[in-house]
Amino acid sequence: MAASITKLGGSYFLKKCLTSPIAAKSTKKNHIQRCSTILGNCCRNHGNSTSSMSSSNYKRIGGTGMHQERNRLLSRPLYANINIAHRYMSSYNSEHIQHEPRILHVEITPCNDTKSLKIEWLEEDKSVDKIQTYPYVWLRDVCRCKSCFHDSVQARIADFREIDPEVHPIHVEVRRIELESERVGDAEIIIEWSDGHESEYSVNWLKHFKFDKSDEDTTFDPSLRYWGANVGETQLKFFEFEDLLNDDRALYDWLVELQELGLTVVKNTPRETGQLHRIGNRVAFLRPCNYGPTFQVKSKIDASNAAYTSGRLPLHTDLAYYIWAPGIQLLHCIDQVIGTGGENDLADGFKAAEELKQHDPEAYRILTSTVLEYYDIGIDHYGKYHQYARHPVIRLDERDKVAGVYWSDHGRSPMLRIPQSNVRPLYHAMKAYHDILYHPDNLFKYKMDNGDILCFNNRRTLHGREAFTVTETSNRHLEGSYLEWDEVNSQLRVLKEKLEGNTHFRYS
């Protein structure tokens with residue numbers, strides 16, 4: 001390891017050239033695997049600011065300009081030393097490396113005025129360098145060395161109490177990493193910190209972290225497709241039950257449809273109870289509730305829920321009286337009533353919320369800020385229960401986007417913990433929202449066939465039912481249950497990696 005120290009602008013920079021044997025067996029000559037000037041801020045007084053490196057400074061340090069170095073790299077063959085690559089990439093998954101472009105050039109500049117490290121790199125087949133700045137404390141926190149991160153369980157093991165928000169590097173350098181057999185090139189940044197710790201970072205890993213400019217997580221933040229009364233003719237997708245059980249691609253497409261549209265139908269399911277467990281087991285598991293792991297929706301004497309009658313049910317979301325209402329509802333039609341009646345009413349609560357926001361902003365404000373209370377009292381699968389929860393009609397996420405709709409008129413409590421002067425405006429707002437939901441352009445009617453499973457986002461799609469008549473020869477029997485979005489999103493990530501050979505995000 002050759003080393004020299006150059007003084008620049010009152011601060012000291014350490015220049016090193018890492019040498020190693022060429023991987024080819026036909027030669028014993030050493031080959032410099034350096035891809036760029038290596039900078040280390042050896043200034044022991046952190047209060048001194050390191051000036052940004054100009055082109056002339058770069059020449060003084062590295063002996064060649066940035067663009068000259070780039071041209072040299074583009075014109076010369078790339079060599080590999082597998083041992084070095086393995087040592088410095090112990091926590092970098094080689095299955096993912098091959099999807100990243102080759103890193104041809106890296107320049108690093110400590111910026112002590114902003115307490116961050118600027119990294120500039122050139123990728124193969126690119127003509128413009130990419131630049132990203134990383135705060136020192138964040139880099140120190142995401143260290144993936146064996147004492148900070150457990151690779152096999154993909155989890156931090158360092159104690160956060162050891163993190164100093166004012167931590168800064170005292171030495172920074174770059175090493176080139178190449179895996180010739182896979183035609184992959186990367187660079188590694190090594191930082192010696194003021195707390196005595198040393199960290200190593202792959203540039204191909206770091207470049208995915210762009211803070212508020214980071215790419216969207218398409219699983220966590222899917223592109224939603226709104227729908228209305230004509231969804232059955234234009235957007236609604238049907239899936240075969242056996243395909244979901246046996247075909248990973250069909251399962252993945254079905255889950256994506258639940259994410260984006262929030263409504264789909266599974267066809268040709270065996271007409272017997274227990275089939276929802278088979279679907280649930282393909283995803284992860286069903287979510288139970290006070291009515292059991294699954295529940296039977298049919299007209300009952302002494303019913304414990306309004307759904308267990310033959311009367312009409314207005315639009316609602318299920319289990320609004322749960323603090324964490326279920327994410328996805330599954331309704332398996334085992335027997336459909338003969339003749340008229342029994343149709344499901346369905347409406348896109350997100351679309352209706354957006355229309356309310358456009359046409360009546362004050363009503364939208366009221367429904368996103370006023371909390372209603374819901375309850376459910378009775379006895380069922382697990383014995384007596386008394387559920388109680390509070391929700392706004394329209395719940396927003398941290399970015400003020402609609403994240404959930406909660407409405408269950410048959411479980412809405414008379415309790416309103418708001419000033420009396422706000423009561424009438426609240427009712428006007430609720431009425432305005434329902435007028436939109438029930439508008440002929442928005443209300444979709446669908447009568448399930450025997451063997452259908454109606455599947456929908458329970459925090460988005462409101463559902464209801466038309467009244468029906470029970471006779472000696474005709475009844476209506478549905479089996480219902482729920483899935484949770486945590487398990488669905490997990491399965492989506494697993495399937496995407498399996499089917500497409502990549503991942504949404506690498507933790508190491």
Side-chain angles (χ1 to χ4, degrees), residues 82-101 103 117 119 121 132 134-165 167 175 177-179 182 184-193 195 197-222 248 251-252 255-256 259 281-285 287 327 398 483-508:
I82 303 300
N83 292 331
I84 288 179
H86 176 74
R87 182 176 66 183
Y88 290 119
M89 301 181 74
S90 58
S91 65
Y92 194 73
N93 191 335
S94 62
E95 293 180 1
H96 300 310
I97 297 176
Q98 58 189 329
H99 299 288
E100 303 290 356
I103 299 295
L117 186 70
I119 303 176
W121 67 91
Q132 177 63 48
Y134 299 89
Y136 291 153
V137 66
W138 179 86
L139 284 168
R140 176 63 182 89
D141 180 43
V142 301
C143 176
R144 275 355 190 204
C145 76
K146 291 183 179 179
S147 63
C148 293
F149 191 83
H150 197 296
D151 191 51
S152 66
V153 299
Q154 292 287 285
R156 281 189 174 100
I157 55 176
D159 191 334
F160 187 78
R161 292 176 295 177
E162 299 175 2
I163 295 294
D164 176 10
V167 69
R175 291 186 181 128
I177 299 171
E178 296 185 38
L179 301 177
E182 299 180 22
V184 175
D186 196 2
E188 185 174 65
I189 297 173
I190 298 93
I191 301 178
E192 183 182 341
W193 295 103
D195 62 4
H197 193 74
E198 184 175 292
S199 303
E200 302 168 359
Y201 309 91
S202 157
V203 174
N204 261 330
W205 183 73
L206 280 176
K207 70 182 185 182
H208 292 282
F209 301 93
K210 293 175 282 189
F211 301 94
D212 58 336
K213 302 297 190 297
S214 296
D215 297 338
E216 288 284 346
D217 182 332
T218 56
T219 297
F220 201 75
D221 299 302
D248 285 344
L251 180 64
Y252 178 80
L255 295 177
V256 167
Q259 269 198 329
N281 291 341
R282 278 286 281 155
V283 177
F285 48 83
R287 171 181 164 170
E398 67 281 359
L483 291 169
E484 199 47 80
W485 280 113
D486 287 315
E487 285 70 48
V488 169
N489 288 341
S490 170
Q491 187 62 258
L492 275 168
R493 293 185 180 97
V494 170
L495 289 171
K496 184 176 179 65
E497 185 169 355
K498 179 180 179 180
L499 295 169
E500 301 181 9
N502 59 17
T503 183
H504 291 246
F505 182 74
R506 292 194 310 272
Y507 300 94
S508 64

Below 4.5 Å, heavy atoms only, C-beta onward: do [X] and [Y] meet side chain to side chain?
X: L492; Y: Y252; value: yes
X: D195; Y: R140; value: yes
X: E198; Y: S147; value: no
X: K207; Y: Q132; value: no
X: K146; Y: D151; value: no
X: L255; Y: K496; value: no
X: F211; Y: W138; value: yes
X: I189; Y: L139; value: no

Q.
I'd like to check the side-chain hydrogen bond (donor to acceptor under 3.5 Å, both in side chains) partners of D486; sequence neighbours left out, ordered by chain and number.
A.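 Checked D486 against side-chain hydrogen bond (donor to acceptor under 3.5 Å, both in side chains); zero matches.
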
Q.
Has E200 got a side-chain atom pairing as donor or acceptor with I190's backbone, closer than 3.5 angstrom?
A.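 A pair under 3.5 Å: no.
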
Q: Please answer whether the main-chain N or O of T219 pairs with a side-chain N or O of Q259 as donor and acceptor at a distance below 3.5 Å.
A: yes

Q: With sequence neighbours excluded, tell me which residues meet salt bridge (Lys or Arg N to Asp or Glu O under 4.0 Å) with D248.
A: R282, K498

(Q) Is it the case that over 12 heavy atoms from other parts of the model lie below 6.0 angstrom from the CZ atom of F160? (A) no

Q. What closest approach, in Å, do V167 and W193 show between heavy atoms, and which atom pair accounts for it?
A. CG2-CE3, 3.9 Å

Q) Rounded to the nearest 0.5 Å, how far does CG of D141 lie from CD1 of I163? A) 5.0 Å

